[in-house]
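As structure tokens, the structure follows; a few thoughts come after it.
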Amino acid sequence: MKQRFSALDVRAMTTALQQRLVGLRLQGIYDVNPKTFLLRFSKPEVKELVLIESGIRLHTTEYVRDKSVVPSSFCMKLRKHLMSRRLTAIRQVGMDRVVDFEFAVAAGAQAEGTYHIVCEFYASGNIILTDHQYKILALLRVVNLDEETSFAVGRTYGMTWSQDIEMVSRDALVECLKKAGPKDTIKRTLATLGAYGPALSEHVIIQAKINPSQKTLAAVDLTSSQSAQIESLLEAYAEAYEIVVRLGNSVYPGYITYQGEDETMFDDFSPWLFDQYATKQYQEYKSFADAADMFFSNIEAQKLKVKAHQQEQAAERKLDAIKSEHEGRVTALELAHMKTEEQARRIEMNLEFVDQAILIIRQAVAAGMDWKELEELVADQKDQGNPIAERIVRFNLAANQITLTLDDPADWYDSKDEENDEDEGEFSGPLDVDVDIFQSAFSNAQRYYNSRRQAGVKHAKTIAVSAQALQSAEQKIRADLKATRVTATVTQQRKPFWFEKFSWFVSSDSYLVLAGHDMHQNELLVKRHLRAGDAYVHADMHGAASVIVKNRDSSKEIPPSTLFQAGIMSVCQSRAWDAKIVTSAWWVEAHQVSKTAPTGEFLGTGSFMIRGKKNFLPPTQLTYGFGFAFRLADDESIARHASARQQRLAIMEENLRSAATADQPAEVDFNAAREKYNLEEVEQATVVEDDSQDFGGKGSESHIEGKRHVTAKQRRDQRKQKQQQSGSLAGDVSSPAQTTGKLSKQEQRRLEEERKYELTQQKQQQQQQQQKRGRKGKMRKMKEKYADQDEEDR
């Protein structure tokens, strides 16, 4: 698998970056890791991210990577000299794997104030910051080639060492072929010829009808410089030279080849579809920069996943080791418990023999016999066949102990049985037992029983706390894994749509509705995006937003439901939201909105002139929401969700039709709403002024000259007066039930709330009138004193 850029890759990438980056300003420099840096270039409506990995790669990227929280000193140095500077040129130094980014001033590249970033992509690589004379100001790593040649701060970077690519001559080709060894293939021999690189050299060999894996001496006839193979190679090298020239002048597609049929396993990337790749499965991209970005970003993401998986496996292995260790400890305690019990039982089964052995050794010690003489005596008795001496294994007289080999008498009768208990088989046959010579056999057995009891208690405690110990160890391992887990991710960056800079939503009828955040966005929205067939929606309320509804088909009218939703958006961003005022919005067509002010007047930024009649919408509810939109990436998902919105609309319409049976209209009837709420189509010239500077950029306010607009409260008062008059004519003025009998349930509730509010106000006025002398002034002072407190403080 290809791991780094070749000289040909650097040439193709330089050409692609020249087209994308020259003229852009450097707005950000970040370090992804100690060798990888991310450069952000931008200008209005354009943003490009360039990834530079020292010695490995250089390409634009559409993937987002985690950056270092604290920038390195080299990154800070780059920011100090290059931030907000315009990139004026990108060039490859000769045919070397070196790229020069030039940030020149207006006076020219040779003037003071010009800076260069020199990126090296050979060996361990380097990134070097220089001034206009290529004097090194900062670099990623210091390199000392010899006593005279070094790359360090204060030295001059040599740009005259490089050489450009040249046509391959016959003499150079023959000389290169003659240097080949007997085992060298022709592919390996020609890979070092010139600066063509391994991939292009293999393409040349295939073009010359030669097998790249063939030995050089067998593939080419070197006895004559006019051989057919050499002529074919020279023709192929001429075509290769044309490829290099074309890649340096124009942008060409990039290619990624796969390993076998698996499209997730990348094999190679190249700026040209060479002949060796034609037989493999490959993917073509729009440019070589896109191909390199896809290749390295996917490999980087796979490496991060593998590293995270390895960390999880290491944690699992650590947890399994703790479990195994704990199980081994429990098993050892259980075996010790069983062995101690068996040793005590063996002493009990051989009481006489143990007492005799203890008595003999005790008498010898009491007689003052030397320990060595005692051991020799026991050895002599073993040779003579003394049964007691034969059972003495060793002495530990410093601890007053001897070791005896004791048999189980039950084994004498069960020796012929083939099936034995598994526990008994663990300690079957002779067993070594340590005996205290100053205690009797029974006391020694009792000592072992006491040890067995202690081992049993320890074993029981270990089992009792085992679950808690394992859980605590697992929690600690999980916490350590979480602290050291690889959290770096490589995700593809989504390019935002043009309308995402504004406030926007998609209506229930699939129309795009836009609103500006401030007066400058209002100006931009109307000037640039308001087209014929669109609708402009606003409200006569301070701070209301300027909203436009984009109409995909100007021959069709925008549905009333979409206009109503746009009106809600405009009103909710006005003062009505804080004051909880129910009011109406209005809409006009695009040709009615103008920036031409009347004679003697001036329209500021975000203010517009409305001519013609306004179409008022029904009073809006102050209901606003926030939603998430998911973008579908592949064609299969798009096909599955093609009719999702239509299905939801069908369900909404069905709900509306079912609600219509309960005395609720299924659709918004604007004509009926105008009659019901006393809304008129006002035909006049109106100036829509923007007040976003005073109220945080919430939109604009409408000032109407001419006929006064009737507010919602005034319309309710007029409707109440008409209802009272009609009730008095009917002869039943005092009955509120009859007065409100013809109203809807919502209007009845509203009237009841207004009556309760009026009664509350009357009671408060009566209480204020009944206050004692001096109480009013005292209350006023208390209000002034505690005016800065809210309900929670009180």
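This one's a predicted model, so the numbers in the text were calculated from it and none came from an experiment. Residues: numbered from 1 along the sequence shown.
Counting non-hydrogen atoms of neighbouring residues, nucleotides and ligands closer than 6.0 angstrom, the OH atom of Y624 exceeds 12 such neighbours. Within a 6.0 Å sphere centred on CE of M369, heavy atoms belonging to other residues, nucleotides or ligands number more than 12.
Taking a cutoff of 4.0 Å between a charged side-chain nitrogen and a carboxylate oxygen, D9 and R97 do not qualify as a salt bridge. With respect to the salt-bridge test (charged N to carboxylate O, under 4.0 angstrom), the residues E300 and R57 qualify. Residues E376 and K372 are not paired through a salt bridge, judged by the lack of any N-O separation under 4.0 Å between the basic side chain and the carboxylate. Contact check on E327 versus K323 returns no salt bridge, with no Lys/Arg side-chain nitrogen under 4.0 Å from an Asp/Glu carboxylate oxygen. By the 4.0 Å N-to-carboxylate-O rule, K280 lies close enough to D267 to be salt-bridged with it. Using a 4.0 Å cut-off between charged side-chain N and carboxylate O, E53 and K35 make no salt bridge.
Among all heavy-atom pairs drawn from S440 and I358, the shortest one is C-CD1, 4.3 Å. What you find for R65 and Y63 is that their closest heavy atoms are NH1-O, 3.5 Å. Contact detail for D432 and T405: the closest heavy-atom pair is OD1-OG1, 3.0 Å. Taking both residues in full, the closest heavy atoms of N400 and D436 are given as O-OD1, 3.0 Å, listed atom of the first, atom of the second, then distance. When all heavy atoms of F74 and A138 are compared, the pair lying nearest together is CE1-C, 3.8 Å. The minimum heavy-atom distance between K77 and L137, with the atom names listed, is CE-O, 3.9 Å.
Taken to the nearest 0.5 Å, the CD atom of E202 stands 4.0 Å off from the CD atom of Q276. With values rounded to the nearest 0.5 angstrom, T60 atom OG1 is found 8.5 Å from L49 atom CG. A distance of 5.0 Å separates CG of N386 from CD of Q381, quoted to the nearest 0.5 Å. Atom NZ of K215 is separated from atom CZ of R188 by 10.5 Å, given to the nearest 0.5 angstrom. In this structure, CZ on F151 lies 5.5 Å from OH on Y157, to the nearest 0.5 angstrom. Here the CZ atom belonging to R329 is positioned 5.0 Å from the CD atom belonging to E325, to the nearest 0.5 angstrom.
The side chain to side chain donor-acceptor pair (under 3.5 Å) check on D31 picks up S72, with sequence neighbours excluded.
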As a quick check of understanding, evaluate side-chain contact (heavy atoms from CB on, under 4.5 Å) for I402 and R394, giving each step before the final call.
CA-CA 6 Å; I402 60 174; R394 57 184 172 272; over 6 Å; no

In sequence, state the C-alpha distance, the side-chain angles, and the governing distance for T185 and Q214, and then conclude on side-chain contact (heavy atoms from CB on, under 4.5 Å).
CA-CA 5 Å; T185 62; Q214 195 174 1; over 6 Å; no

Between D293 and T61, does a side-chain hydrogen bond (donor to acceptor under 3.5 Å, both in side chains) hold up when you go through it step by step?
CA-CA 5 Å; D293 182 30; T61 182; 2.9 Å; yes

Stepwise side-chain contact (heavy atoms from CB on, under 4.5 Å) test for Y277 and S270:
CA-CA 9 Å; Y277 302 143; S270 64; 3.5 Å; yes

Show your working on side-chain contact (heavy atoms from CB on, under 4.5 Å) between M349 and D407 and close with a plain yes or no.
CA-CA 8 Å; M349 300 299 292; D407 294 328; over 6 Å; no

For a ring pair (Phe, Tyr, Trp, His ring centres under 6.0 Å) check, start with the C-alpha distance between F269 and F5, then their side-chain angles and the critical distance, and finish with the verdict.
CA-CA 9 Å; F269 63 96; F5 270 32; 5.7 Å; yes

Please evaluate residues R345 and E341 with respect to the criterion salt bridge (charged side-chain N to carboxylate O under 4.0 Å, His left out), reporting the C-alpha separation (whole Å), side-chain torsions for both, the decisive distance (0.1 Å), and the verdict.
CA-CA 6 Å; R345 195 177 68 84; E341 183 180 4; over 6 Å; no

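Between the side chain of N33 and the backbone N or O of T36, at least one donor-acceptor pair lies under 3.5 Å. In this structure, K382 contributes its side chain and I392 its backbone to a donor-acceptor pair below 3.5 Å. Using modelled atom types, one side-chain atom of R4 and one backbone atom of A123 make a donor-acceptor pair closer than 3.5 Å. Although no hydrogens or angles enter the test, the distance criterion places a donor-acceptor pair under 3.5 Å between the side chain of N298 and the main chain of M294. At distances below 3.5 Å, at least one donor-acceptor pair connects side-chain atoms of R79 with backbone N or O atoms of I29.
No side-chain heavy atom of H59 sits less than 4.5 Å from a side-chain heavy atom of V50. No side-chain heavy atom of S42 sits less than 4.5 Å from a side-chain heavy atom of E48. Residues P71 and Y30 form no side-chain contact, since every pair of their non-hydrogen atoms from C-beta on lies 4.5 Å or further apart. Contact annotation: the side chain of I56 never approaches that of F121 to less than 4.5 Å [non-hydrogen atoms, C-beta and beyond]. Side-chain contact between V393 and L404 is absent, with no heavy-atom pair separated by less than 4.5 Å. In this structure, L38 and K67 have side chains that are in contact, with non-hydrogen atoms separated by less than 4.5 Å. Contact check for Y285 versus I256: side-chain heavy atoms found under the 4.5 Å cut-off. Looking at heavy atoms from C-beta onward, V98 lies in side-chain contact with Y122 at the 4.5 angstrom threshold.
Checking T189 against T216 by side-chain atom types alone, a donor-acceptor pair falls below 3.5 Å. No hydrogens or angles considered: a donor-acceptor pair under 3.5 Å links the side chains of T403 and D434. Side chains of E348 and Y448: a donor-acceptor N/O pair is absent below 3.5 angstrom, by distance only.
In summary, of the residues considered (I117, I136, L139), a side-chain contact (heavy atoms from CB on, under 4.5 Å) with T130 occurs for I136 alone. With respect to N450, the side-chain hydrogen bond (donor to acceptor under 3.5 Å, both in side chains) criterion is satisfied by exactly one of R447, R453, Q454: R453.
Using bins of under 30°, 30° to 60° and over 60° for the plane-to-plane angle, the ring pair F628/F626 lands in the perpendicular bin. Using cut-offs of 30° and 60° for the angle between ring planes, the F266 and F295 rings count as parallel.
For the side-chain hydrogen bond (donor to acceptor under 3.5 Å, both in side chains) condition, no pair includes a residue of residues 351-362, sequence neighbours left out.
Not less than 6.0 angstrom separates the ring centroid of F274 from the ring centroid of Y255. Here Y258 and Y282 keep their ring centres 6.0 angstrom or further from each other.
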